[in-house]
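Numbering of residues begins at 1 and proceeds along the displayed sequence. Note that this is a predicted model, so its numbers are computed, not measured.
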Amino acid sequence: MGSCFPKQLERRKAISTERKALRDLHQSVGEDFPACAYRPPDRKNWMAGINPKKVHINKIVWPGTHDSATDKIGIPCITRPFGQCQTMSIYKQLVTGTRVLDIRVQKDRRVCHGILITYHIDVVIKDIKKFLSETKSEIVLLEIRTEYGHQDPPDFDKYLVDQLGEVLINQEDNVFNKTISELLPKRIICVWKPRNSPSPEAGAPLWNSVYLNDDWIDTDLPSTKFENNLKCLSEQPPISSRKFLYRVENTVTPQADNPIVCVRPVTQRIHEFARLFITECFCRGIADRLQIFSTDFIDEDFVDACVAVTYSRIDHGKA
């Protein structure tokens, strides 16, 4: 016990130092990037609002959520704080402007986050269908994976095609250079990442894991994650030549050896610096690599920042 106490003090000091580093950077450079003041008049239809005939898939900065279907994970007030990364339902996230969903499932097709479980995948599909029925030009990137440590749901690829087949955009490299209008009435890019089952093949209605990449690091230190995100993003090809989607997650992760292991207070250490991250992308000349930007506990301002960069690319040719 005695040896743990100094270690915890050291960790708390490191976290405080890293948050101060980001606040100092924020004070120094602010939040200044092309069209940063832009606010979509209708977040539910923001893609329609910036002209689907001009918006190419590879130029979109996609607002995404991390562990999207965890609004009702676990047991309220007991286990939920350790696994909840979003408070809004899938439908509400989409209405707010989210366009990338990160869904983890287990063998019985229930959504999970680690050992914690929640509702059946049918709830997610129902919310997506409801949103699509109320909009006409919004494209959704749906990533579904078998959670680490779990088994694949049997015949899950067939289930997804049966449920979403009419709106699925087939796996093809040329999709990235097409506009939204050229893809309609198809509406969903669905990436299925099984652990042991066969991956989707070229031309299939589902996309395989090759087409959605990221460089996740397991840390609760905000500046470490912030700088690692910038470094990894800088190593990616520009969106103009990229034949895959690349995700940056503006999140940090609770660590077992730290006394604070609930998601919200930990991820809040970096949450407020989303616009600063976009600003730094422009300052460091790597904004032309930014594509999917995801967060815990998504809010309207996060969506607006992503839409603003997309808007600047379409109307002003920036990044």
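With rounding to the nearest 0.5 Å, the separation of CZ in Arg187 from OG in Ser133 is 9.0 Å. For the atom pair Asn51 CG and Ile180 CD1, the distance stands at 9.0 Å (nearest 0.5 Å). In this structure, the separation between CD1 on Ile292 and CG on Asp214 is 8.5 Å, given to the nearest 0.5 Å. Taking OH of Tyr119 as the start and SG of Cys112 as the end, the distance is 12.0 Å to the nearest 0.5 Å. If you take CG on Asp215 and CD on Glu249, they are separated by 10.5 Å, rounding to the nearest 0.5 Å. Of the inter-residue distances, the one linking Ser312 atom OG with Phe33 atom CZ reads 8.5 Å to the nearest 0.5 angstrom.
Across Val252 and Leu221, no two heavy atoms sit closer than the pair CG1-O, 3.9 Å. Smallest separation of non-hydrogen atoms from Pro40 and Trp46: CB-CB, 4.0 Å. Closest approach of Ala21 to Ser223, counting heavy atoms only: CB-OG, 4.3 Å. Across Thr65 and Asp102, no two heavy atoms sit closer than the pair O-CB, 3.3 Å. Smallest separation of non-hydrogen atoms from Arg313 and Ile239: NH1-CD1, 3.5 Å.
Between Tyr311 and Tyr38, the angle of the ring planes stays under 30°, which puts this pair in the parallel group of the 30/60° scheme. His66 and His113 have perpendicular rings, their planes meeting at more than 60° on a 0 to 90° scale where under 30° would count as parallel.
Side chains of Ser197 and Asp152: a donor on one and an acceptor on the other come within 3.5 Å. Looking only at atom types and distance, the side chain of Thr267 has a donor-acceptor partner in the side chain of Asp296 under 3.5 Å away. Side-chain atoms of Arg11 and Gln255 form no donor-acceptor pair, as typed in the model, at a separation below 3.5 Å. Gln84 and Thr70 form no side-chain donor-acceptor contact under 3.5 Å, judged by distance and modelled atom types alone. Donor-acceptor pairing under 3.5 Å is recorded for the side chains of Asp108 and Gln106. Side-chain N/O atoms of Thr96 and Glu300 include no donor and acceptor closer than 3.5 Å. With no hydrogens or angles considered, no side-chain donor-acceptor pair links Asn58 and Gln291 at under 3.5 Å. For the residue pair Arg104 / Ser68, no side-chain donor-acceptor distance below 3.5 Å is found, with atom types taken as modelled.
Between Arg275 and Asp301 there is a side-chain heavy-atom pair separated by less than 4.5 Å. Thr253 places none of its side-chain heavy atoms less than 4.5 Å from the side chain of Thr219. Using a 4.5 Å cut-off on side-chain heavy atoms (C-beta onward), Lys178 and Asn174 make contact. At a threshold of 4.5 Å between non-hydrogen side-chain atoms, the residues Thr279 and Cys283 count as touching. Between Thr135 and Leu94, the closest side-chain pair of non-hydrogen atoms is not below 4.5 Å. Side-chain contact between Leu233 and Cys281 is present, with at least one heavy-atom pair separated by less than 4.5 Å. No side-chain heavy atom of Phe273 sits less than 4.5 Å from a side-chain heavy atom of Pro222. The closest side-chain heavy-atom distance from Ile75 to Arg80 is not below 4.5 Å.
A donor-acceptor contact shorter than 3.5 Å is absent between the side chain of Asp155 and the backbone of Lys158. Listed for the Asp173 side chain is no donor-acceptor partner under 3.5 Å among the backbone atoms of Lys243. Counting only distance, with no hydrogens or angles, the side chain of Trp62 and the backbone of Val140 share no donor-acceptor pair below 3.5 Å. Counting only distance, with no hydrogens or angles, the side chain of Thr310 and the backbone of Cys306 share a donor-acceptor pair below 3.5 Å.
Tyr91 pairs with exactly one of Glu134, Lys126, Lys129 by the side chain to side chain donor-acceptor pair (under 3.5 Å) rule, that one being Glu134. His26 pairs in a side chain to side chain donor-acceptor pair (under 3.5 Å) with only one of the listed residues (Glu280, Glu31, Glu272), which is Glu31.
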> Between Gln236 and Val248, is a side chain to side chain contact (heavy atoms under 4.5 Å, CB included) present by the stated rule, with each step listed?
Replying inline: CA-CA 11 Å; Gln236 304 305 312; Val248 173; over 6 Å; no

> Taking it one step at a time, do Lys20 and Asp24 satisfy salt bridge (Lys or Arg N to Asp or Glu O under 4.0 Å)?
Replying inline: CA-CA 6 Å; Lys20 183 178 185 302; Asp24 289 348; 2.8 Å; yes

> Going through the checks in order, is the side-chain hydrogen bond (donor to acceptor under 3.5 Å, both in side chains) test met by Thr146 and Gln151?
Replying inline: CA-CA 7 Å; Thr146 302; Gln151 298 180 37; over 6 Å; no

> Does the pair Arg247 and Glu143 meet the rule for a salt bridge (Lys or Arg N to Asp or Glu O under 4.0 Å), with working shown?
Replying inline: CA-CA 11 Å; Arg247 173 172 50 205; Glu143 178 200 21; 2.8 Å; yes

> Stepwise, does the ring pair (Phe, Tyr, Trp, His ring centres under 6.0 Å) test hold for Phe226 with Phe277?
Replying inline: CA-CA 7 Å; Phe226 188 94; Phe277 182 85; 5.5 Å; yes

> When you look at Asp67 and Gln86, which way does the side-chain hydrogen bond (donor to acceptor under 3.5 Å, both in side chains) test go after all the steps?
Replying inline: CA-CA 7 Å; Asp67 267 304; Gln86 308 296 331; over 6 Å; no

> After noting the C-alpha distance and the side-chain angles of Asp71 and Lys92, does the key distance pass the salt bridge (Lys or Arg N to Asp or Glu O under 4.0 Å) rule?
Replying inline: CA-CA 11 Å; Asp71 53 308; Lys92 179 62 176 175; over 6 Å; no

> Stepwise, does the salt bridge (Lys or Arg N to Asp or Glu O under 4.0 Å) test hold for Arg284 with Glu227?
Replying inline: CA-CA 12 Å; Arg284 302 188 192 195; Glu227 290 297 333; 3.0 Å; yes

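Ring centroids of Phe156 and Trp192 are separated by less than 6.0 Å, placing the two rings close together. When ring centroids are compared, Phe244 and Phe176 stay outside the 6.0 Å threshold.
Counting heavy-atom neighbours within 6.0 Å of Ile217 CD1, excluding the residue itself, gives a total above 12. A 6.0 Å sphere centred on NZ of Lys54 holds more than 12 heavy atoms belonging to other residues, nucleotides or ligands. Heavy-atom neighbours of Lys72 NZ from other residues, nucleotides or ligands within 6.0 Å: at or below the threshold of 12. The number of heavy-atom neighbours closer than 6.0 Å to CD of Glu182, taken from other residues, nucleotides and ligands shown, is above 12.
Residues Ile314 and Leu290 share a hydrophobic cluster, clusters being chains of Ile/Leu/Val/Met/Phe/Trp/Tyr side chains in contact below 4.5 Å. Linking Ile, Leu, Val, Met, Phe, Trp and Tyr residues whenever their side-chain heavy atoms come within less than 4.5 Å places Val100 and Ile57 in a single cluster.
Figure legend: cation-pi geometry between Arg109 and Tyr159, with NZ or CZ positioned under 6.0 Å from the six-membered ring centre and within 45° of its axis. For the pair Arg264 and Phe297, the cation-pi criterion (under 6.0 Å, within 45° of the ring axis) is fulfilled.
Ion pairing between a basic and an acidic side chain is recognised when a charged N comes within 4.0 Å of a carboxylate O; Lys231 and Glu235 show such pairing.
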